[in-house]
2 protein chains.
Amino acid sequence: MKGHNFSSKREAIFKTIASTKAHPSARWVYDRLKDEIPDLSLGTVYRNIALFKEQGKVVSVASVDGEERIDADVSDHAHFICEKCSGVFDLHQSELSPLEKELFKSGFEINRKNVVFYGICSKCSKN
Amino acid sequence: MKGHNFSSKREAIFKTIASTKAHPSARWVYDRLKDEIPDLSLGTVYRNIALFKEQGKVVSVASVDGEERIDADVSDHAHFICEKCSGVFDLHQSELSPLEKELFKSGFEINRKNVVFYGICSKCSKN
DNA sequence: TCAAAAACAGTAATCATTCCTGTTTTCTGT
DNA sequence: ACAGAAAACAGGAATGATTACTGTTTTTGA
C-alpha cells in the first residue's frame with residue numbers, strides 16, 4: 001500500500017511544509033530542501049504533496065501566479081492573498097455557518113470549504 | 001488602446017459566458033462557439049477572457065480539474081464545486097462581514113473575495 | 001539475508017495557457 | 001468611400017506547472 005513505508009525525504013518534505021506560514025508551493029519546498037538533500041527530485045515533492053492531500057494532512061489553498069499553494073494547517077480557517085507580493089496569510093474565525101446550514105438542507109454534502117480574499121496586504125499598501 | 005475596437009468574436013464570447021450558469025472554462029466557450037464561428041481560435045477566447053477580467057466583466061471562480069472556471073455574474077456570491085461531476089453552482093447571501101471588518105482594521109485592502117465550498121452535489125449524492 | 005513492495009531520481013510527456021508572426025478587421029480623419 | 005494606423009485575430013510554437021514512465025535504490029517483514 002502507498003504511503004506506509006518510512007521515507008526520510010517524505011518526513012523532510014512534510015516538516016518543511018508544516019513549519020512555515022508561507023503556504024508554500026511544491027517548488028518552494030524543493031528549493032528550500034535541495035541544499036540539505038542534494039539528490040531530492042521535484043517529482044518526489046509533488047508525489048508526496050499529493051499523498052499528504054489524500055491523507056488529509058495538507059490542503060490546497062489556491063493557485064497563485066500559476067502555482068498551487070498548500071497549507072499543513074488543516075483547521076477551518078480562511079486566507080488572504082496579496083495580489084502584489086503573492087503572500088498568503090491566515091485568517092481565523094470565519095463565519096460561514098448560515099450558508100453551510102442552507103447547503104445541508106439542499107442535500108449538498110460539504111467536504112471542505114475554501115475562503116479566499118484577494119487584495120493588497122498592509123505591507124504592500126505602504127509602498 | 002486595448003479592448004476598444006468592436007469585434008463580433010469578442011461579443012459572441014462574452015454573450016456565451018454571460019448566458020450560461022455553467023461557470024465555463026475557456027475550452028468550453030471555444031467548443032460551444034466553434035460550430036457557429038468556424039474560424040474562431042482558442043487563443044482568441046483566452047485573450048478575450050483575460051480582457052474581460054481586466055475590465056471586471058468576469059471573475060475567476062476556481063480551478064477545477066486543471067481548468068480555470070469563470071463567471072460573468074460579478075456580484076458578491078459564493079460557489080459550490082462538486083468533486084464528482086465538476087459542476088459549479090452559485091450560492092448567494094454569504095455572511096462574511098465580520099471577517100471583512102477585521103481585515104479592514106488590519107490595513108488590508110480587499111479587492112475581491114472568493115468563497116468556494118467543495119463537496120458532492122445533491123444530484124451526485126443520489127448515484 | 002532476501003525477495004517483494006514502496007519510494008525514488010531523472011527525464012520525458014502532458015496539457016492548460018501564453019506568446020509570436022503574419023494577416024485581417026476596425027477605426028479615424030480626410 | 002479611402003488610406004493609414006491601431007486592434008484583433010488565426011494558427012502554431014513556446015512555456016511552465018504538473019504528471020507519468022523507467023530503471024534503480026531503500027524499506028520492510030519474514
Side-chain angles (χ1 to χ4, degrees), chain A residues 1-17 22-55 57-71 81 83 86 88, chain B residues 1-17 22-55 57-71 81 83 86 88:
Chain A
M1 199 190 331
K2 194 174 42 167
H4 277 60
N5 279 8
F6 169 83
S7 152
S8 58
K9 287 174 184 174
R10 179 176 300 149
E11 302 260 298
I13 291 167
F14 186 74
K15 201 169 288 182
T16 300
I17 298 167
H23 303 80
S25 65
R27 181 164 293 278
W28 189 96
V29 174
Y30 173 72
D31 288 340
R32 168 68 74 98
L33 283 172
K34 70 183 174 192
D35 284 336
E36 182 185 337
I37 308 171
D39 68 338
L40 180 66
S41 130
L42 182 56
T44 295
V45 177
Y46 274 107
R47 183 162 22 79
N48 280 288
I49 287 174
L51 179 66
F52 299 151
K53 287 203 274 185
E54 279 176 36
Q55 295 174 335
K57 294 170 75 178
V58 311
V59 292
S60 173
V61 172
S63 181
V64 183
D65 301 330
E67 287 187 329
E68 183 179 34
R69 303 282 288 268
I70 58 174
D71 195 348
I81 298 176
E83 294 176 316
S86 300
V88 178
Chain B
M1 202 192 326
K2 196 173 40 167
H4 278 59
N5 279 8
F6 170 84
S7 151
S8 58
K9 288 173 183 173
R10 179 176 299 152
E11 302 260 298
I13 292 166
F14 186 74
K15 202 169 288 181
T16 300
I17 298 167
H23 302 81
S25 65
R27 181 164 293 279
W28 189 97
V29 173
Y30 173 73
D31 288 341
R32 168 68 74 98
L33 283 172
K34 70 183 173 194
D35 285 336
E36 183 186 335
I37 308 173
D39 70 337
L40 181 66
S41 129
L42 183 56
T44 295
V45 176
Y46 274 106
R47 182 160 24 79
N48 279 289
I49 286 174
L51 179 65
F52 298 151
K53 287 203 274 187
E54 278 177 36
Q55 295 174 335
K57 295 171 76 177
V58 311
V59 292
S60 173
V61 172
S63 180
V64 183
D65 302 330
E67 286 187 330
E68 183 179 35
R69 303 282 287 268
I70 57 173
D71 195 348
I81 298 177
E83 294 176 316
S86 299
V88 178

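What you see is a predicted model; the values in this text were computed from it and never measured. Letters go in sequence order (proteins before strands), and every chain restarts at 1. What you see below is based on every heavy atom in this structure, not just the backbone, and it leaves out hydrogens, waters and symmetry mates.
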Q | Pairing residues for B/E54 by the salt bridge (Lys or Arg N to Asp or Glu O under 4.0 Å) criterion, not counting sequence neighbours | A | B/K2
Q.
Restricting to salt bridge (Lys or Arg N to Asp or Glu O under 4.0 Å), what partner residues turn up for A/K34, sequence neighbours left out?
A. A/D31
Q. How long is the line joining CG of A/N48 and P of D/dT27, in whole Å?
A. 14 Å
Q: With sequence neighbours left out, write down each residue that passes ring pair (Phe, Tyr, Trp, His ring centres under 6.0 Å) with B/Y30, or none if nothing qualifies.
A: none
Q) Could you give all pairs that pass the salt bridge (Lys or Arg N to Asp or Glu O under 4.0 Å) test and reach residues 39-49 of chain A, with sequence neighbours left out? A) A/K9-A/D39
**Q.** Whole angstrom value for the distance that separates P of C/dA7 from NZ of A/K2
**A.** 9 Å
Q: Using heavy atoms and a sub-4.0 Å distance, could you list which residues of residues 5-14 of chain B are near DNA chain C? By number, please.
A: B/N5, B/F6
Under 3.5 Å, which donor-acceptor pairs do the side chains of residues 58-71 of chain A form with other protein atoms, sequence neighbours left out?
unit_1	atom_1	unit_2	atom_2	d
A/S60	OG	A/E68	OE2	2.7
A/D65	OD2	A/S86	OG	2.5
A/E67	OE1	A/S25	OG	3.2
A/E68	OE1	A/K53	NZ	3.1
A/E68	OE2	A/K53	NZ	2.9
A/R69	NE	A/H23	O	2.5
A/R69	NH1	A/S86	O	3.1
A/R69	NH2	A/A22	O	3.1
A/R69	NH2	A/S86	O	3.3
A/D71	OD1	A/D73	N	2.8
A/D71	OD2	A/H23	NE2	3.3
A/D71	OD2	A/H77	NE2	3.0
A/D71	OD2	A/H79	NE2	3.0

Q: Quick one: list whatever passes ring pair (Phe, Tyr, Trp, His ring centres under 6.0 Å) with A/Y46, sequence neighbours left out.
A: none
Q. Along nucleotides 10-17 of chain C, 5' to 3', which nucleotides get a B, which get an S, and which get a -, given that the test is a protein heavy-atom distance under 4.0 Å?
A. B-----SS
Might you list the N or O atoms of the protein lying below 3.5 Å from N or O atoms in nucleotides 28-30 of chain C, with each pair's distance?
none

Q. Of all residues at least two apart in sequence or in a different chain, which pass the salt bridge (Lys or Arg N to Asp or Glu O under 4.0 Å) check with A/K57?
A. none
**Q.** Atom-pair distance (CD1 on A/I49; P on C/dC8), nearest Å
**A.** 12 Å
Q: Sequence neighbours left out, what passes side-chain hydrogen bond (donor to acceptor under 3.5 Å, both in side chains) with B/R10? Give chain and number order.
A: B/N48
Q.
Applying salt bridge (Lys or Arg N to Asp or Glu O under 4.0 Å), can you list everything that pairs with A/D35, at least two apart in sequence or on another chain?
A. none
